[in-house]
Amino acid sequence: MSQKQLKEAFISNLNGTSLLEISAGLSLPPLCLLCRGLLLILHYLHHGKTVSSRTYSLLLDFLVLVSPLVFSCTVLSPIIFFIPVILAAFCAAIFSKIYSQTKWKARVPLGQIVKEFQKARLDPECIPAITVFRVYVNVLTSISILAVDFPQYPRRYAKAETYGTGAMDLGVGAFIFGNALVCPEVRQKPHRTQPRFSSLARQVFSVWPLIALGVGRLLSVKSIEYHEHTSEYGVHWNFFFTLALVRLAASLLLAIFPKHKAWLVALAVAVLYQLLLSTTSLKMFILHGSDGRGSRLGFLDANREGLFSLFGYLAIYLASVQVGLWLLQRRSSVRGWLEALGGLALAVLGLWALPQLCQAGTEPVSRRMANLPFCTWVLAQCLLLLGFFVLTDLSLVFTKLLVKGCSVPCCWKVVQPPDSRKTPGMEAEPVGRQDKLSQPCLISAINKNQLLFFLLANVMTGAVNILIDTIHSKAAFTLCILHVYMFFNCLIMYILHARNIVLKFW
């Protein structure tokens with residue numbers, strides 16, 4: 001068996017993992033973010049200044065925000081349920097230290113602090129959780145696309161063949177979800193009237209890099225005979241094409257139907273597609289081809305998974321547009337966001353129950369077909385992760401109010417004092433101060449060049465696979481390669497961010 005066939009077999013015929021294990025893994029990025037924020041506040045408390053060195057800031061961000069994720073999906077995966085507990089305990093210890101050192105200065109009862117926190121006013125123009133969500137989806141995807149080729153990455157985390165829930169199955173849907181949160185239809189100001197098809201026109205212009213990247217990936221994979229999983233998207237199709245066409249189709253539908261009814265359009269698309277899968281021979285065609293033996297004759301037959309899964313991804317995108325519109329409703333107080341967290345929790349519970357009902361009544365989750373259970377599962381997990389990030393931000397806001405003058409990058413700014421009576425040690429910063437004291441931040445760096453980060457990760461993944469026999473690598477070597485690979489990607493983004501370079505010209 002050739003090296004190409006070995007690597008293809010290594011990522012084929014897998015069945016995924018449990019929903020609970022994936023949810024446990026989703027708690028890690030918010031805990032890493034909380035840990036980084038608390039460490040920065042503790043540093044300010046001890047030294048009276050923020051971490052100004054770009055080198056130290058990059059190392060801290062990489063070691064706290066990225067490195068734990070590499071370990072958790074490789075050598076620490078057998079204890080994945082214990083890692084969140086350990087991180088949470090560490091965060092609790094840091095917070096306890098901060099609170100104990102500020103309590104004697106403020107001399108304010110905890111109940112009074114909580115009341116002032118609930119009244120705190122936040123910057124309504126910025127929702128850090130959206131940025132952090134999109135960046136972390138990119139980071140987790142970049143780790144996984146290379147780690148999956150090493151034996152230390154559990155096979156249950158890789159993409160399932162037909163039915164199942166792997167961590168990488170969620171990554172594909174989360175990418176669609178993250179794109180929809182910041183699409184033109186969501187970002188458009190409600191009081192501005194624009195031509196109905198203006199967003200579609202912008203999408204036509206903005207998706208051409210995705211199509212170019214899709215063509216480039218297709219040509220490069222075929223020319224060097226790089227290993228590929230055909231049943232994932234098909235012979236010629238890839239995720240760049242899927243993302244481009246979903247964005248175009250969604251903009252067209254949202255130009256026809258009111259965008260505040262996007263969830264209804266999403267529901268209609270998902271249900272109609274599921275009915276076609278359940279009542280016609282479409283499912284058999286997707287799984288077994290036109291001849292029932294896995295034929296790949298003709299463009300439709302050769303790329304049937306990629307083409308028909310567009311309907312499921314379109315439903316996810318449209319539902320995510322509705323989420324984006326809801327998130328951007330003007331909430332300027334902590335109390336408002338605590339109520340929003342309650343709404344998110346209810347939505348997660350409802351969507352969590354739907355896949356169970358769908359699996360009982362129709363079929364299990366299938367990324368390959370992007371069926372209705374897959375759509376509801378992706379939405380539930382994405383809302384759960386988003387809710388975790390909002391909770392993390394609010395926790396950091398509370399801690400920042402305890403330590404006068406401190407700031408945490410990629411976290412909510414308190415734009416005015418919580419109350420007209422300024423509680424000692426709990427004054428908020430002016431709106432403009434955060435910009436003047438802007439700190440180096442890996443999340444901001446990746447956010448500025450997200451597509452470049454993803455493209456660089458794909459190119460480096462290909463280079464590593466060509467140069468190294470990944471399947472037979474030892475654990476120490478695997479961890480070394482993954483850390484060097486991720487650090488190089490992050491370093492490039494960090495340098496571009498430091499020089500204020502955004503490589504986007506469309």
Side-chain angles (χ1 to χ4, degrees), residues 1-26 28-29 32 62-63 66-84 86 136-172 174 221 224-233 238-239 367-368 454 456-490:
M1 188 179 285
S2 68
Q3 187 75 3
K4 180 176 182 288
Q5 291 171 322
L6 276 173
K7 291 192 173 185
E8 287 175 351
F10 193 56
I11 56 174
S12 301
N13 303 312
L14 304 172
N15 299 311
T17 185
S18 67
L19 301 180
L20 187 60
E21 184 171 14
I22 291 178
S23 298
L26 287 181
L28 296 180
C32 290
F62 183 80
L63 291 175
V66 179
S67 189
L69 304 180
V70 175
F71 279 99
S72 65
C73 70
T74 51
V75 294
L76 295 183
S77 58
I79 59 167
I80 188 68
F81 289 102
F82 296 100
I83 299 175
I86 295 169
Y136 256 117
V137 167
N138 214 333
V139 169
L140 290 167
T141 303
S142 299
I143 293 172
S144 295
I145 60 175
L146 178 58
V148 71
D149 295 315
F150 289 90
Q152 288 74 27
Y153 189 87
R155 296 301 89 194
R156 65 184 186 276
Y157 289 177
K159 290 178 180 176
E161 184 69 26
T162 301
Y163 295 108
T165 52
M168 293 186 72
D169 292 315
L170 176 61
V172 179
V221 165
I224 64 174
E225 295 189 348
Y226 189 76
H227 66 278
E228 54 183 331
H229 195 187
T230 304
S231 64
E232 188 177 341
Y233 294 108
N238 58 57
F239 183 67
R367 174 207 43 82
R368 186 174 178 181
F454 185 60
L456 185 61
N458 275 268
V459 171
M460 288 192 65
T461 296
V464 170
N465 271 281
I466 291 170
L467 297 173
I468 295 173
D469 178 13
T470 56
I471 295 179
H472 301 102
S473 297
K474 301 296 183 183
F477 182 72
T478 297
L479 288 173
C480 181
I481 290 295
L482 288 175
H483 275 88
V484 170
Y485 153 79
M486 285 304 298
F487 185 78
F488 179 78
N489 284 353
C490 293

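All residue numbers in this chain count up from 1 along the given sequence. Just so it is clear, the model here is predicted, and its values are computed rather than measured.
- Applying the side chain to side chain contact (heavy atoms under 4.5 Å, CB included) rule to V459 yields the partners L455; only residues at least two apart in sequence or on another chain are considered.
- Considering only heavy atoms from C-beta on, T461 comes within 4.5 Å of Y226 through its side chain.
- Residues passing the side-chain hydrogen bond (donor to acceptor under 3.5 Å, both in side chains) test with Y153 are S144, sequence neighbours excluded.
- No side-chain heavy atom of D169 sits less than 4.5 Å from a side-chain heavy atom of I22.
- By the side chain to side chain contact (heavy atoms under 4.5 Å, CB included) test, F477 is found to be paired with I468, S473, I481, residues two or more places apart in sequence or in another chain being considered.
- Not counting sequence neighbours, F150 has no partner by the ring pair (Phe, Tyr, Trp, His ring centres under 6.0 Å) test.
- For N15, there are no side-chain hydrogen bond (donor to acceptor under 3.5 Å, both in side chains) partners at least two apart in sequence or on another chain.
- With sequence neighbours left out, L20 forms a side chain to side chain contact (heavy atoms under 4.5 Å, CB included) with S18, F81.
- Distance check: M486 CE to S142 OG gives 5.0 Å after rounding to the nearest 0.5 Å.
- Residues L6 and H227 form no side-chain contact, since every pair of their non-hydrogen atoms from C-beta on lies 4.5 Å or further apart.
- Counting heavy atoms from C-beta outward, T470 and F10 have side chains that stay 4.5 Å or more apart.
- Legend: salt bridge (charged side-chain N to carboxylate O under 4.0 Å, His left out) pairs involving residues 142-158, not counting sequence neighbours, sorted by first then second residue: E21-R156.
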**Report entry** Worked verdict on F239 versus N458 for side chain to side chain contact (heavy atoms under 4.5 Å, CB included)
**Finding:** CA-CA 12 Å; F239 183 67; N458 275 268; over 6 Å; no

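- Under the ring pair (Phe, Tyr, Trp, His ring centres under 6.0 Å) criterion, F454 pairs with F175, F240, sequence neighbours left out.
- Between L146 and N465, the closest side-chain pair of non-hydrogen atoms falls below 4.5 Å.
- By the 4.5 Å heavy-atom criterion applied to side chains, L479 and Q152 are not counted as neighbours.
- Taking CD1 from I143 and CG from N138, the interatomic distance works out to 10.5 Å, rounded to the nearest 0.5 Å.
- Remark: I224 CD1 to I466 CD1 distance equals 3.5 Å, nearest 0.5 Å.
- Remark: Y163 pairs with no residue by the ring pair (Phe, Tyr, Trp, His ring centres under 6.0 Å) rule, at least two apart or across chains.
- Proximity of E228 to Y233: side-chain heavy atoms (C-beta onward) are nowhere separated by under 4.5 Å.
- To the nearest 0.5 angstrom, H483 atom NE2 is 10.5 Å from C490 atom SG.
- Between the SG atom of C73 and the CG atom of L28 there is a distance of 10.0 Å, given to the nearest 0.5 Å.
- Side-chain contact between K7 and I471 is present, with heavy atoms from C-beta onward closer than 4.5 Å.
- The main-chain N or O of V137 is found under 3.5 Å from a side-chain atom of T141 such that the two form a donor-acceptor pair.
- Partners of H229 under the side-chain hydrogen bond (donor to acceptor under 3.5 Å, both in side chains) rule, at least two apart in sequence or in another chain, are E161, S231.
- In this structure, the side chain to side chain contact (heavy atoms under 4.5 Å, CB included) partners of L76, at least two apart in sequence or on a different chain, are F71, I79, I83.
- Scored by the side-chain hydrogen bond (donor to acceptor under 3.5 Å, both in side chains) test, T162 finds R368 as partners (sequence neighbours excluded).
- Using a distance-only test at 3.5 Å, with no hydrogens or angles considered, no donor-acceptor pair links the side chain of S77 to the main chain of S72.
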